Each structure stands twice: as C-alpha cells, then as structure tokens.
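Computed from heavy atoms alone, side chains included, the values below leave out hydrogens, waters and symmetry copies. We count residues from 1, following the sequence as given. All values reported here derive from a predicted model rather than from experimental measurement.
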Amino acid sequence: SIPIAVNLSLEEVKLVSIDFDPYPTFGPLGTKAKIKAIGTYNDTSKRNITSEVNWESSAREVISITEVGFDQKDSSEVELEFVSLGASNIKAQQGDVSFMATVSTSSAELQSIDIDPIDLNVALGSQVNFKAFGNYTDGTTIELTPQVEWGSTSSAANISINEGKVTIEASLVGEAEISAELRGVR
C-alpha cells in the first residue's frame, strides 16, 4: 500500500456581515413590524443570528424593539413598534460587525382592513389560516394579523391565535362572518 498525503486547511468560520430580513424602511404610527438579523460568514453560509446580536434603537421614543422567540434561535426575531413620529437608527451588532438601517414612522392612518381568504367554504372539522392586511392613507398595505382583534358572528367558527398565526376551525355546520378590527377600523 502506498500512503497518500492530504493537505487539509481548516479556517475558522467568522461572521463578516449582517443584514435585516425584511429590510425595514418605515411603518405607520401605532403598528409593529418583525425583522430578523441574518449573518453571513466567511464560508458564504448564512443563518438567523437575531438572538445573538445586540439590538439598539437610537430613538426608543420613536421606535421600540422587543425580542420575540429568543428561546428558539432559528425562529427568533425582533418586533419594531412605531410609537411616535420621527426616525430612528436600528442597529444589530455582534463583536465588531454591525448593520444599521434608518427607519421612520409615517403619519399614514389606517383606512380599512382586508381579510384573506375572503370567501370560503370550510369542511366541518377542518382549519384555515387567516391573515389581516391594513390599508393606509398613503397607499401602503401592511400585514396586521397578530395586532388586530379577531371576531366571529357564530359559534360555528372557533378562532385560535398562536404565535401570531390565526386559525379558524369549522366546529358546527352553519355560516359565520369573520372580522378583524384595530382601533375602531374594520
């Protein structure tokens, strides 16, 4: 047998950049948006590092930051809450690597809320996921699913909310109108 020599070079995997997903630019006053910090490493791999970075809002009175799901690294995210008009620099940092985005709060007002799906026949015992979308005076549409108050006109539809997802189960034969409301707007 002939010995074969293999040169193996091991390089430490290091964080080289951070990006936000999705990239935040603005949000209407009184709303919330969830973002993640995605780390890119020198081996070109990427992963969610939201729970591993230090988060900072330069103007907490304009945009506050709340940690969500930090006990589950892969699904962790932060929630930006647009509490007053203005702008804030949102920064994520790990060691000497950081990323910053300037995010502003707009004065757009909520005009209406659309529910998706709109019209649906659901078999008894089956479940359907619903989403709510807010339409604002500046023409933007933002998902508001976890922020709205959900309702049903009938006990034929059981509404459950878990980790921001809304599921409606057809529990009886009949009809039900599903509603979503936020600050008096439907």
Side-chain angles (χ1 to χ4, degrees), residues 20-38 48 50-51 55 57 59-86 88 90 92 101 103-186:
F20 293 149
D21 180 33
Y23 185 86
T25 54
F26 74 95
L29 181 63
T31 64
K32 298 176 183 177
K34 291 182 180 176
I35 64 170
K36 297 177 182 180
I38 305 299
N48 182 347
T50 305
S51 64
W55 289 91
S57 173
R60 287 187 212 108
E61 69 280 3
V62 175
I63 300 173
S64 66
I65 300 174
T66 305
E67 301 170 350
V68 179
F70 272 35
D71 55 333
Q72 304 161 350
K73 281 189 177 184
D74 291 341
S75 62
S76 63
E77 51 196 0
V78 294
E79 187 173 75
L80 306 179
E81 183 173 4
F82 301 92
V83 293
S84 67
L85 294 177
S88 180
I90 305 300
V103 184
S104 61
T105 302
S106 81
S107 60
E109 293 184 26
L110 182 62
Q111 282 185 309
S112 64
I113 298 174
D114 294 331
I115 297 175
D116 186 45
I118 266 182
D119 195 9
L120 189 63
N121 289 320
V122 180
L124 185 63
S126 46
Q127 298 178 344
V128 176
N129 291 327
F130 278 76
K131 292 185 177 188
F133 296 91
N135 302 304
Y136 287 83
T137 54
D138 65 356
T140 59
T141 299
I142 296 176
E143 184 178 351
L144 300 173
T145 303
Q147 299 172 51
V148 299
E149 183 176 324
W150 290 89
S152 171
T153 59
S154 167
S155 58
N158 289 330
I159 300 172
S160 64
I161 302 169
N162 186 15
E163 295 183 10
K165 293 183 181 175
V166 175
T167 304
I168 299 179
E169 179 179 357
S171 56
L172 300 170
V173 174
E175 290 186 10
E177 182 179 310
I178 306 302
S179 63
E181 184 174 336
L182 181 64
R183 294 187 301 276
V185 178
R186 292 181 123 192

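Contact of the Phe133 side chain with the Thr145 side chain is not registered, since no non-hydrogen atoms from C-beta on lie closer than 4.5 Å. In this structure the side chain of Thr66 never reaches within 4.5 angstrom of the side chain of Val78, judged on heavy atoms. A heavy-atom distance below 4.5 Å is found between the side chains of Pro28 and Ile142. Side-chain contact between Val128 and Pro117 is present, with at least one heavy-atom pair separated by less than 4.5 Å. Considering only heavy atoms from C-beta on, Asp138 comes within 4.5 Å of Ser106 through its side chain. At least one side-chain heavy atom of Phe130 sits under 4.5 Å from a side-chain heavy atom of Trp150. Here the side chains of Val148 and Ile113 are in contact, with some heavy-atom distance below 4.5 Å. Counting heavy atoms from C-beta outward, Trp55 and Ile35 have side chains that approach closer than 4.5 Å.
Atom CG of Leu144 sits about 12.0 Å away from atom NZ of Lys131, to the nearest 0.5 Å. One finds the CD atom of Glu81 at 14.5 Å from the CZ atom of Arg60 (value rounded to the nearest 0.5 Å). The structure places CG of Asp21 at 10.0 Å from CD of Glu77, a figure rounded to the nearest 0.5 Å. The CZ atom of Arg183 sits 9.5 Å away from the CD atom of Glu109 when rounded to the nearest 0.5 Å. Here the CD-OG distance, from Gln127 to Ser171, works out to 10.5 Å after rounding to the nearest 0.5 Å. Atoms CD and OG1, from Glu79 and Thr31 in turn, are 10.0 Å apart once rounded to the nearest 0.5 Å.
The two atoms that bring Phe20 and Ala92 nearest to each other are CE2-CB, 3.6 Å, heavy atoms only. Scanning both residues, Ile63 and Val103, for their nearest heavy atoms gives CD1-O, 3.4 Å. Of all non-hydrogen atoms in Thr50 and Asn48, the two that sit nearest each other are OG1-OD1, 2.5 Å. Closest of all the heavy-atom pairs between Ser88 and Ala59 is OG-N, 3.0 Å. Summarising the geometry of Ser154 relative to Glu175, their closest heavy-atom pair is CB-O, 3.2 Å, with the distance given to 0.1 Å. Considering every non-hydrogen atom in both Gln147 and Lys32, the closest pair reads NE2-O, 3.2 Å.
Ser57 pairs with exactly one of Leu80, Val62, Ile65 by the side chain to side chain contact (heavy atoms under 4.5 Å, CB included) rule, that one being Ile65.
When atom types are taken as modelled, the side chain of Thr167 and the backbone of Asn129 share no donor-acceptor pair closer than 3.5 angstrom. At distances below 3.5 Å, not a single donor-acceptor pair connects side-chain atoms of Glu169 with backbone N or O atoms of Ile159. No donor-acceptor pair under 3.5 Å is formed between the side chain of Thr153 and the backbone N or O of Ala176. At distances below 3.5 Å, at least one donor-acceptor pair connects side-chain atoms of Thr105 with backbone N or O atoms of Ser84. A donor-acceptor pair under 3.5 Å is absent between the side-chain atoms of Thr141 and the main chain of Asn135, judged by distance alone.
A 6.0 Å sphere centred on CD of Glu61 holds more than 12 heavy atoms belonging to other residues, nucleotides or ligands. The number of heavy-atom neighbours closer than 6.0 Å to CD of Glu181, taken from other residues, nucleotides and ligands shown, is above 12. Around atom CD of Gln111, more than 12 heavy atoms belonging to other residues, nucleotides or ligands sit under 6.0 Å away.
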